[in-house]
Protein chains: 2
Amino acid sequence: MPRDGTITRTRILDATLALAMEKGLAATSLDEIIAKTGITKGAFFYHFKNKNELAITLVKRFAEQDHEIYKTATARVETLSRDPLQQVLLLCGLGAELFKEVPENPGCLMASYCYQGDLWSEEARQVCEVALKEWADWIEAKLKQAAKKTPPAVPVDLRQVSEMFQVIFEGAFILARTYNQPDIIARQVLAYRDMLEALLKPAAKPRRKASSRRD
Amino acid sequence: MPRDGTITRTRILDATLALAMEKGLAATSLDEIIAKTGITKGAFFYHFKNKNELAITLVKRFAEQDHEIYKTATARVETLSRDPLQQVLLLCGLGAELFKEVPENPGCLMASYCYQGDLWSEEARQVCEVALKEWADWIEAKLKQAAKKTPPAVPVDLRQVSEMFQVIFEGAFILARTYNQPDIIARQVLAYRDMLEALLKPAAKPRRKASSRRD
DNA sequence: TTATTTATACCGACTAGTTGGTATAACATG
DNA sequence: CATGTTATACCAACTAGTCGGTATAAATAA
């Protein structure tokens, strides 16, 4: 076996992700990608048959990493609490924590693709849809359990409330960039958490466990 | 004065907006723009000195139109109700109504620019920031009035809750595109409205609101 | 052992077409 | 006419993608 090509391949993907987050993949030329990776045209086209295949590969990897985060995060909150509402609230807390330490260019590759038609193939769309829906499905199940115990004071579509979890992230990324203020992401997720709590927590029953609350 | 160039100018902007929403401005060539407008290169460069100036002009127009919507919408809800919370809830209702009839490519030009670094100049950023903040400012003022009358059951950052209005829209645009399901925009705004109501509306039963939270 | 084969990994000059942008002449209208 | 508006022709730089060739290292064979 010759030199290990997967290293180069990974470096291409990493470089491309960084550039895509910074300026969008559509506006990123292959020359920039190979320059940042430190390889040549030939090497690039050995690993990817064209730019579009690179785009698909990149978003698939992004979705896989998202899936890993989903699995570990949900598993973790399910061990931290037995109450479904608390589990969701904790998940929000974890999400906020993830964006406490601010990444260089906070954003979502899927959202980036959304607004760049060339990359938004049906294949990429489906990958993203699946990746997003698993979060909403999990949250919805939890919220419905919670609502059974303590029905919300106003009639509300719990599916939408669940999908709002993703909506908050995607929207917050955009505001973070527009305001040049990355901490808005964590703040928004926490605000969403608090609104969830107001919507679904038991009214005045003294059976409340002390949950540590950040300041 | 000879022929009226403002017509051509407007047609250029309209064509560009449509293309930018569909595939992103970075991936849209001037040739496509002039083809869609039905003019030639010469006419284009008479009206705009380069592509970047077109981008700035377009986002400024977008922000102006947004400002008009803001003015009429807030004025309208302020006549429809005297209660600040109801005004905000009505504003959400209006927002949902706007996206009931689905536009061809639901989305926000500002968000599109966000993810395409070339266009995201500091000038464009500031235009967007101002446009977005006036909504949040108005909502925040209303929610603070409402919270004075009926404090929320959980401690919550009302500034974040106000900015969430924009966050919901921006995030919902992305989910609408990802799910290929444009009605998610209206649904999300309505879910946000319902959560607002749960957070701030006077309790049906005039019970005591002892929010004793020891941290 | 050593020579040969084979498959993977990579290089960099090249091409055909596209890009944003310019130069300049023609046209319209007061 | 003069000024504002549009058209044609063109360019230099850049684009994605190709192609012939090279380097590496393991497997095989002498």
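Values below: every heavy atom of this structure, side chains too, minus hydrogens, waters and symmetry copies. In what follows, chains are A, B, ... by sequence order, proteins preceding strands, each numbered from 1.
Between B:Phe165 and B:Tyr192, the ring planes lie tilted relative to each other; the angle falls in the 30° to 60° range.
Residue B:Leu89 holds its CG atom at 8.0 Å from CG of B:Asp83, rounded to the nearest 0.5 Å.
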Can A:Arg159 and A:Asp137 be said to form a side chain to side chain contact (heavy atoms under 4.5 Å, CB included), step by step?
CA-CA 8 Å; A:Arg159 177 66 193 179; A:Asp137 289 344; 2.8 Å; yes

With salt bridge (charged side-chain N to carboxylate O under 4.0 Å, His left out) as the test, would you mind laying out the steps for B:Glu163 and B:Lys133 before giving the verdict?
CA-CA 8 Å; B:Glu163 283 182 345; B:Lys133 280 207 166 142; 5.6 Å; no

Criterion side-chain hydrogen bond (donor to acceptor under 3.5 Å, both in side chains) on B:Glu78 and B:Thr74, from CA distance to verdict
CA-CA 6 Å; B:Glu78 279 174 349; B:Thr74 50; 5.5 Å; no

Begin from the C-alpha positions of B:Glu122 and B:Arg125 and carry the test salt bridge (charged side-chain N to carboxylate O under 4.0 Å, His left out) through to its verdict.
CA-CA 5 Å; B:Glu122 177 58 21; B:Arg125 219 212 86 241; 2.6 Å; yes

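Applying the ring pair (Phe, Tyr, Trp, His ring centres under 6.0 Å) definition to pairs two or more places apart or across chains, those involving residues 79-110 of chain B are B:Phe99-B:Phe169, B:Phe99-B:Phe173.
The shortest distance between the side-chain N/O atoms of B:His47 and the OP1/OP2 oxygens of D:dG4 is not below 4.0 Å. The phosphate of D:dT6 has neither OP1 nor OP2 within less than 4.0 Å of any side-chain N or O from B:Tyr46. At the phosphate of C:dA9, neither OP1 nor OP2 sits under 4.0 Å from any side-chain N or O atom of A:Thr8.
Distance B:Arg11 CZ to D:dT6 C1': 12 Å, rounded to the nearest Å. Rounded to whole Å, atom P of D:dT6 lies 12 Å from atom CZ of B:Arg9.
Rounded to 10 degrees, the angle separating the terminal axes of the helix from C:dT1-D:dA30 to C:dG30-D:dC1 is 10°, with each axis obtained from five end pairs.
Checked options B:Lys36, B:Arg61, B:Arg9; the residue passing with B:Asp14 is B:Arg61 (criterion: salt bridge (charged side-chain N to carboxylate O under 4.0 Å, His left out)).
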At under 4.0 Å between heavy atoms, how does the protein contact nucleotides 15-21 of chain D? Give one character per nucleotide, 5' to 3', with B, S or -.
SBBB---

